[in-house]
Asker: 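The structure's right below; bear with me while I get my questions together.
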Amino acid sequence: MAKKKMTGGYTLLLVTLLSSMGVSLAAYGDVVDFGMSKWVNAQKNGYFNPKLEIRTIPFTNGRMGIFAKEIVEEDEVIAHIPWSLIIGTDEEEDEDDDDTDGILDCGTVRNLANELKLGEKSDYAPYINYLLAQREGQIPSTWSEKGKELLMNVLGGNRGLPPSSAVDMLEVEWVEECKGDPTDPIAVKAAELVFSKNDVGLMVPLYDLIQHRNGEYTNTKTIVKVGKYHKTVASRPLNPGEQLYMTYDLCEDCDEEAVEQGYGTSEIFRDHGIIEEYPQRWTFQPALKIAEDDEGNMSSQSVEPPLTFNVEEKEDG
């Protein structure tokens, strides 16, 4: 009898079962990463460093990460993903999206939604199976109505604690800015995935398995050559057992203006669904002064500059 190919659903079930049993997934190869690393390595100019392994992160309910098995030198390539494996925006769609004021790449969402609907028939099948297996509701914008209400109560409503637009960011970006269909569950899932996992508007296989952490823990950097490749390298030497980290907000290509205006821990929670580990940066916006001009136009102005607190991890003792 021919051996049946394991689909994304069965793979997720096995990964979840093994994780719940406390079994190390490192020896299960394709099961852990849905065959992505083998798929990448099989492509022309595709590469995932064999000194690395993908396995579950302790105490994270099965979340996966990339770890060094051996010493990785500074500037050594972590992954080289050819452009043919990356899901992004077509040139025509990119021109259409120039008319929007949002931060979500609408064309990438639409292209990803099409691939998600193809499933196993997609040219990106290993990556698509991995994305389809990601549970919905990872960012506050996709929580249940009761969950959103509870969060807003904790934050003190629209005038309370940060982040702004805590539970409606995806609706603003996908439905209002991109004119997306809120009744299409696959398109909404695609929007959530792109919003929380993209890099410069691109969906890159293996890349989002590198988790976020700032400070001395950040140990990777990316190099993107449009139309050619997306490459991740070690920004410093890595020791065996060390987890790979990147940064959502303090990278060379990150939005400096957003960071200056207070983008930090609370916004990372809103956009990526995680409370980042230390170090953290919390910014609280002061009260706003509302003013109306002679023509009846309303405007707001901060009474005082934002208050930013940097929270570091305290060593034992």
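Note that the structure is predicted; figures quoted are calculated from it, not measured.
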Asker: Please work out whether the ring planes of Tyr127 and Trp39 are parallel, tilted or perpendicular, with thresholds of 30° and 60°.
Answerer: parallel

Asker: Looking only at side chains, do Glu115 and Ser122 share a donor and an acceptor under 3.5 Å apart?
Answerer: yes

Asker: Under 3.5 Å, is there a donor-acceptor pair between the Asn214 and Tyr248 side chains?
Answerer: no

Asker: Does a donor on one side chain sit under 3.5 Å from an acceptor on the other, for Gln280 and Asn310?
Answerer: no

Asker: Does one side chain, of Thr220 or Ser235, offer a donor that lies under 3.5 Å from an acceptor on the other?
Answerer: no

Asker: I'd like to know if Arg270 and Glu276 make a salt bridge, using a cut-off of under 4.0 Å between side-chain N and carboxylate O.
Answerer: no

Asker: Are His230 and Tyr207 near enough that their ring centres are under 6.0 Å apart?
Answerer: yes

Asker: Under 4.0 Å between a side-chain nitrogen and a carboxylate oxygen: does that hold for Lys69 and Glu53?
Answerer: no

Asker: Does Glu192 come within less than 4.0 Å of Lys197, counting only side-chain N to carboxylate O?
Answerer: no

Asker: If you measure only the distance, is there a donor-acceptor pair under 3.5 Å linking the side chains of Arg63 and Gln211?
Answerer: yes

Asker: Taking Arg281 first and then Asp249, would you say they form a salt bridge - that is, a charged N and a carboxylate O separated by under 4.0 Å?
Answerer: yes

Asker: If you look at every heavy atom in Val194 and Asp105, which pair is closest and at what distance?
Answerer: CG1-O, 4.4 Å

Asker: If every non-hydrogen atom of Val40 is compared with every non-hydrogen atom of Tyr47, which pair is closest and at what distance?
Answerer: CG1-N, 3.5 Å

Asker: Assess whether atom CD1 of Ile223 is packed by more than 12 heavy atoms of other residues, nucleotides or ligands within 6.0 Å.
Answerer: yes

Asker: State, without any angle test, whether Thr283 and Thr308 hold a side-chain donor-acceptor pair at a distance under 3.5 Å.
Answerer: yes

Asker: Decide whether Ile186 and Leu104 are clustered together by the hydrophobic rule: side chain heavy atoms of Ile, Leu, Val, Met, Phe, Trp, Tyr closer than 4.5 Å, transitively.
Answerer: yes

Asker: Should Ile54 and Phe67 be counted in the same cluster of Ile, Leu, Val, Met, Phe, Trp and Tyr side chains packed under 4.5 Å apart?
Answerer: no

Asker: Could you tell me whether Asp184 and Lys117 have a side-chain N and a carboxylate O separated by less than 4.0 Å?
Answerer: yes

Asker: If every non-hydrogen atom of Gly46 is compared with every non-hydrogen atom of Pro82, which pair is closest and at what distance?
Answerer: CA-CD, 3.7 Å

